[in-house]
Amino acid sequence: MKMEDNNWEWLVEVLHQLVSWGAAGAMMFGGVVPYIPQYRDIRRTQNTEGFSTYVCLMLLVANILRILFWFGRHFESPLLWQSIIMILTMLMMLKLCTEVRVANELNLKRRSFAASDSKDEEFKPPPRRSFLDFDMNSFWHWSRFTDYLQCVLSFTLVTGYITYLCLDFILFVETLGFLAVFTEAMLGIPQLYHNHQNRSTEGMSVKMVLMWTSGDTFKTVYFILNQAPFQFSVCGLLQVFVDIAILLQVYFYAGHPQKSVLHTPHNPSAKAL
């Protein structure tokens, strides 16, 4: 009888360990899954107009702040690894989007030049936009992926230095954690505005938004059932509402032609996300 009890206890322990490993793996890699279909769509269509790279900006800021928050208050390792993996994923998205966008701008410039009557003029490529220009009109619409790396690295160094100086202040640490959660809660706002401005959701991966919605709903229910801090539940609900709003845009803008917006620092419409 004792042998059977020991066998059952061993089996339960093994199952519990497997579930724990599965949950940790889902926590670390589940956040990047929604961006796989979007990445594939961009590579297939060579079109970035349906995806707002400001989503990458917000996720980079949120996860950098979360990592810095970890130095002030250690949380579970899977959440830390989730932030690291998400940062790498967003950098990959930015690299692809930058390459595709710059190539499209160059092709458009060439077509315009070929269609013009100025045959005696020499073809000039679009002006290069750089992070080191510190031009706010071209912010986050730079011509090289290295400019995005420079921006992310600069932000990390500045916020990291401030965090190092203020780690002993509880209020600062708690505020840092709240900013990380709140920034992530605002994740869908750039995509929402991008769709509203174009009056179209063409090019945006609906699968990505559906995965956002299911993941955010599960996360919010978990926060509420486990009586997580109040700001966690509020930010989670806000994320779900934004996700639902984006899905409603898919319905309302169905059949609307997409506006092609070329981002240039001299074009007033270039501020479109």
Side-chain angles (χ1 to χ4, degrees), residues 26 29-63 82 85-86 89-101 103-105 108 140-141 181-224 232-263 267 269-273:
F29 297 99
V32 305
V33 172
Y35 298 96
I36 295 177
Q38 184 69 71
Y39 186 91
R40 295 178 62 185
D41 286 348
I42 293 175
R43 289 203 61 169
R44 177 176 54 84
T45 63
Q46 292 296 296
N47 183 7
T48 65
E49 291 298 326
F51 177 72
S52 173
T53 54
Y54 279 87
V55 171
C56 300
L57 173 62
M58 297 187 73
L59 276 175
L60 285 168
V61 170
N63 285 280
Q82 179 195 43
I85 294 171
M86 181 62 74
T89 302
M90 289 302 101
L91 291 177
M92 290 177 60
M93 289 290 296
L94 278 175
K95 186 176 187 300
L96 175 64
C97 290
T98 304
E99 291 173 352
V100 170
R101 176 172 51 80
N104 288 341
E105 288 177 355
L108 181 62
W140 212 248
H141 293 295
V181 176
F182 183 75
T183 304
E184 188 173 357
M186 294 290 100
L187 170 63
I189 296 297
Q191 189 68 55
L192 185 72
Y193 180 73
H194 181 84
N195 297 341
H196 171 72
Q197 191 175 48
N198 287 344
R199 291 292 192 272
S200 172
T201 59
E202 182 182 351
M204 181 195 73
S205 173
V206 179
K207 293 179 181 179
M208 177 187 71
V209 182
L210 287 172
M211 291 179 183
W212 278 358
T213 308
S214 58
D216 292 338
T217 301
F218 174 81
K219 180 175 62 177
T220 303
V221 171
Y222 176 85
F223 288 154
I224 295 175
F232 280 69
S233 300
V234 172
C235 292
L237 287 171
L238 181 59
Q239 277 186 282
V240 173
F241 289 146
V242 173
D243 295 340
I244 293 175
I246 295 176
L247 289 176
L248 289 175
Q249 286 180 325
V250 175
Y251 173 77
F252 287 119
Y253 295 152
H256 286 213
Q258 182 179 3
K259 299 178 182 178
S260 178
V261 181
L262 179 61
H263 297 293
N267 185 357
S269 65
K271 295 181 182 179
L273 298 181

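Residue numbers count from 1 along this sequence. Only a predicted model underlies this, so the values are computations on that prediction, with no experimental measurement involved.
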Which heavy atom of Ile42 sits nearest to which heavy atom of Cys97, and what is that distance? CD1-SG, 3.7 Å

Does the side chain of Leu94 reach to within under 4.5 Å of the side chain of Leu60, using non-hydrogen atoms? yes

Of all the heavy-atom pairs spanning Asn195 and Tyr253, show the shortest one and how long it is. O-CE1, 3.5 Å

Rounded distance [0.5 Å steps], CG in Leu91 versus CG in Leu96: 13.0 Å

Of all heavy-atom pairs between Leu192 and Gln249, which one has the smallest distance, and what is that distance? O-NE2, 3.0 Å

Working to the nearest 0.5 Å, report the span between CD of Glu105 and NE2 of His141. 9.5 Å

Is there side-chain contact between Val55 and Tyr35, with at least one heavy-atom pair below 4.5 Å? yes

Closest approach of Cys56 to Met93 (non-hydrogen atoms, all atoms of both residues): SG-CB, 3.9 Å

I need the Tyr193 OH to Asn198 CG distance, nearest 0.5 Å. 10.0 Å

Taking the side chain as every heavy atom from C-beta outward, state whether Leu57 and Val61 have any atom pair closer than 4.5 Å. yes

State the CE-CZ distance between Met186 and Phe182, to the nearest 0.5 angstrom. 4.0 Å

If you take all heavy atoms of Asn104 and Asn47, which pair is closest and at what distance? ND2-CA, 4.3 Å

Heavy-atom closest pair (Arg101 atom, Thr48 atom, distance to 0.1 Å) is CB-OG1, 4.1 Å

Any side-chain heavy-atom pair of Arg43 and Arg40 under 4.5 Å: no

Distance check, rounded to the nearest 0.5 Å: Leu238 atom CG versus Asp243 atom CG? 9.5 Å

